[in-house]
Number of protein chains: 2
Amino acid sequence: MDKKIRIKDIAQMAQVSVGTVDRVIHNRGEVAKESYSKVMAILEKTGYKPNLIAKTLGSNKTYKIAALMPNPEQDEYWNQSIEGIKQAKEEWTQYGVQLQTLYFDLYDKESFIKLAETVCESNPDGVLMAPIFYNEALHFINTCKEKNIPFVLINNNIEQAGPLSFVGQDLYQSGRVGAELLHLNEKENGTYAILHIYDDIHNSTHLNEKEKGFKDYFVEQNNGHTYNVLSRDLNYTHESTLEKELSDLLNESTLKGILVTTSKGAYTVSKLLEKKGKNGVRLVAYDLLAENLHYLNNGIIDFLINQNSKRQAFVGISQLSNHLLFKKQATASYLFPLEIISRQNVNSYLNSKQH
Amino acid sequence: MDKKIRIKDIAQMAQVSVGTVDRVIHNRGEVAKESYSKVMAILEKTGYKPNLIAKTLGSNKTYKIAALMPNPEQDEYWNQSIEGIKQAKEEWTQYGVQLQTLYFDLYDKESFIKLAETVCESNPDGVLMAPIFYNEALHFINTCKEKNIPFVLINNNIEQAGPLSFVGQDLYQSGRVGAELLHLNEKENGTYAILHIYDDIHNSTHLNEKEKGFKDYFVEQNNGHTYNVLSRDLNYTHESTLEKELSDLLNESTLKGILVTTSKGAYTVSKLLEKKGKNGVRLVAYDLLAENLHYLNNGIIDFLINQNSKRQAFVGISQLSNHLLFKKQATASYLFPLEIISRQNVNSYLNSKQH
DNA sequence: GTGAAAGCGCTAACAG
DNA sequence: CTGTTAGCGCTTTCAC
């Protein structure tokens, strides 16, 4: 019935050679009008689908993909992304995809700029990037566009950049999930805080998204209660003032819950909360990092929201590879589910092949 | 450095022909011990990885996989599995995998038996199955084994069957997660119920697993409180008695939470709870079915635990295909994370490509 | 403009 | 036991 139809078959039907068929398929010109339309007609009629396997084998091409990532030694979170890239490498090298992962300093814009230049010079066929530094990333993206190099963003999006694909989460909704988890089964009025604890240089556009979601959640609860919602930007390089500010917050008697949006911050808050006692204050943080897991298991952290940076990177590379090799259209916005991690399901995540 | 190394290269190094190398790679015998070990050594040293693209193209084979699934019209849950199988089909047909999905009646063992026979006669190269009917499935599995047909189980395992792979969840832990979600932030004594609501014919071994986890969770809470844990097996075909039993349960003044382990059951309990008012009784159920989503969104259901049957099916087929085509060793027990679904993260799951 | 032919890396049949 | 060789379907080069 629908046995596979090959270029050869088309050629036969059109009474031309495979070369000619190939030329019309790829629109390479040098074909007489007559042959062209004859082949075209048959192509249509038969619904010819090229065999992608044969295609990649035949056109013995290789593709260079550059991944610009923060130095994984500076943050366990990014270490997981690197893992994901490694996994993707494993899968795609056999198809002729060459992956090069390059690290920039998470706290040094200059290092990113330099790296970006290096990448530009190497003329890759595709770029994967975590756009930590907004302006610098945007600049790099523009040169990518000029050079017609497709790029994929992970972790946080830069919408106006128009990437081939964004792979990450809905950060606004993520803030809402955080709020929900703090508010579960709470019937009284109370204070809820969202804390962004980071280094000076950190670019925080994406933290704002989370904050917006967090606040909106509480605004929308019209159940007769009033909620006092705080947000704090804290700098973790000034440890003494940080501790002071946190202590003040914890002394707030109406405090019900805290959402910490940055991984480093979670550690600091957890430690303090452990020392002072939870006193019914709930704590929600992000990601399955070793320290977070520790505090989840001992009850200081109530929930984690998993961003799955490993798989984000993996999917990002796959999107690029599929685009390059198979001309598959990439998913413009590949959003991951907002995974809620508790003490009882955490191991099912850690043991799962997918994570 | 790590440029691709081909069979040809290996052959050259070992001073034999590609034919010989191919023979040792595939263990087809007919190779002198000496050559064998020489080639083997080089294979190891170079870390040779076959080019799968070339492999599938070269060995112009096709494989038939049969999937035995419950009729998706009888239960939305299984409809999702069928979706997953379709997705897998999309991905694997180009590699020469022919997928045939066959439905049996969820409430009729005979239909399964008949279907199994048909499948046997068609001599497939692999089988995917949801072993709903324990004994019947086991019988079919045995004939598969005799015929050396690899089979993958999804949804629930039959351990002694020794499948190529089981794709599903840790049901014991799933019960624990259910208990945790009911018990969140509850500080008082109380009654917690686990309900199995199903048809006569339904095989319930896997429900027991959930129940064990549920009970163990409460036993292990040594916080000075006492919990009254109930379990009920209810038959949903006798609607009047079912309602009566449920009403009795809901009238229990100390009742704090209910875990419903079956999808059909969730609907009945939700409806009743809606009518009588929640009164602080928590409800947790399974899966992202339309009805469940409705009751999640209107606040009757507090959480859902997602079993992700779609992806289970997808992964199951992939395991089989990889095994057949690439001789990749399948994961004996491919356990999915226990996904907690709340009002705030449900859409991120529904919109996600992975679900 | 067009066709023939040599690959891509691997498989498998077939001489020796 | 081993080497040679003709494919798999598509790409690409090179004569004519």
Side-chain angles (χ1 to χ4, degrees), chain A residues 2-40 42-43 46-63 92-98 324-327, chain B residues 2-40 42-43 46-63 93-98 324-328:
Chain A
D2 50 9
K3 44 145 68 140
K4 287 176 235 163
I5 174 148
R6 293 114 75 232
I7 281 196
K8 212 180 175 180
D9 302 320
I10 305 278
Q12 223 163 25
M13 292 171 172
Q15 316 221 62
V16 294
S17 73
V18 292
T20 304
V21 176
D22 191 69
R23 269 172 286 237
V24 354
I25 288 177
H26 295 94
N27 247 314
R28 291 209 223 96
E30 319 228 333
V31 175
K33 269 206 172 147
E34 206 185 341
S35 317
Y36 181 88
S37 46
K38 200 160 38 162
V39 170
M40 233 7 191
I42 298 180
L43 243 28
T46 56
Y48 169 75
K49 291 249 171 122
N51 179 331
L52 297 183
I53 296 282
K55 183 172 183 149
T56 50
L57 186 61
S59 73
N60 194 25
K61 267 194 200 116
T62 70
Y63 297 92
W92 287 101
T93 40
Q94 50 169 316
Y95 294 85
V97 174
Q98 289 166 344
L324 293 171
L325 267 81
F326 304 129
K327 312 263 176 277
Chain B
D2 50 8
K3 45 144 70 141
K4 286 179 249 166
I5 175 147
R6 293 116 72 232
I7 281 197
K8 213 181 174 178
D9 303 320
I10 304 278
Q12 222 162 27
M13 291 172 169
Q15 318 221 61
V16 294
S17 73
V18 292
T20 304
V21 175
D22 191 67
R23 268 170 287 235
V24 353
I25 287 176
H26 295 93
N27 245 315
R28 293 210 220 93
E30 320 229 330
V31 174
K33 269 206 171 144
E34 208 183 339
S35 316
Y36 181 87
S37 46
K38 200 160 37 163
V39 171
M40 236 3 193
I42 297 180
L43 244 28
T46 55
Y48 168 77
K49 293 247 170 123
N51 179 332
L52 298 184
I53 296 280
K55 182 168 183 154
T56 50
L57 186 61
S59 74
N60 195 25
K61 264 195 202 118
T62 69
Y63 296 93
T93 39
Q94 51 168 323
Y95 294 88
V97 174
Q98 290 167 343
L324 293 172
L325 269 81
F326 307 132
K327 313 261 176 280
K328 274 195 197 160

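Here the structure is a predicted model, which is why all the values come from computation and not from measurement. Every chain is numbered from 1, with letters handed out A, B, ... down the list of sequences.
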Excluding sequence neighbours, so at least two apart, what forms side-chain hydrogen bond (donor to acceptor under 3.5 Å, both in side chains) with B/Asn51?
-> none
What pair of heavy atoms forms the shortest contact from A/Ser17 to A/Ala11, and how long is it?
-> C-CB, 3.7 Å
Using atom names, set out every protein N or O paired with an N or O of nucleotides 10-12 of chain D below 3.5 Å, distance rounded to 0.1 Å.
{"unit_1": "D/dC10", "atom_1": "OP1", "unit_2": "A/Tyr48", "atom_2": "OH", "d": "2.4"}
{"unit_1": "D/dC10", "atom_1": "OP1", "unit_2": "A/Asn51", "atom_2": "N", "d": "3.3"}
{"unit_1": "D/dC10", "atom_1": "OP2", "unit_2": "A/Ile7", "atom_2": "N", "d": "2.7"}
{"unit_1": "D/dT11", "atom_1": "OP1", "unit_2": "A/His26", "atom_2": "NE2", "d": "3.1"}
{"unit_1": "D/dT11", "atom_1": "OP2", "unit_2": "A/Asp22", "atom_2": "OD1", "d": "2.5"}

Return the set of residues passing salt bridge (Lys or Arg N to Asp or Glu O under 4.0 Å) with B/Lys61 (not counting sequence neighbours), or none when no residue passes.
-> none
May I have the step-by-step check of side chain to side chain contact (heavy atoms under 4.5 Å, CB included) for A/Val97 and A/Leu324, ending in yes or no?
-> CA-CA 9 Å; A/Val97 174; A/Leu324 293 171; over 6 Å; no
Please tell me if the side chains of B/Val16 and B/Tyr36 come closer than 4.5 Å, counting only heavy atoms from C-beta onward.
-> no
Earliest and latest nucleotide of DNA chain C, 5' to 3', sitting under 4.0 Å from a non-hydrogen atom of chain B?
-> C/dG9 to C/dA12
Non-hydrogen side-chain atoms of A/Ile25 and A/Tyr48 separated by less than 4.5 Å = yes
Select base, sugar-phosphate, or nothing to describe what A/Thr56 touches, counting heavy atoms under 4.0 Å on all strands.
-> nothing
Through what angle, rounded to 10 degrees, does the axis of the helix from C/dG1-D/dC16 to C/dG16-D/dC1 turn between its ends, using five pairs per end?
-> 50°
Within a strict 4.5 Å, meaning less than it, do heavy atoms of the A/Val18 and A/Asp22 side chains meet?
-> no
Considering residues at least two apart in sequence or located in another chain, which fulfil the side-chain hydrogen bond (donor to acceptor under 3.5 Å, both in side chains) criterion with A/Arg23?
-> none
Nearest non-hydrogen partners of B/Asp9 and B/Lys4, listed with the distance = OD2-O, 4.0 Å
Below 4.5 Å, heavy atoms only, C-beta onward: do A/Leu52 and B/Tyr95 meet side chain to side chain?
-> no
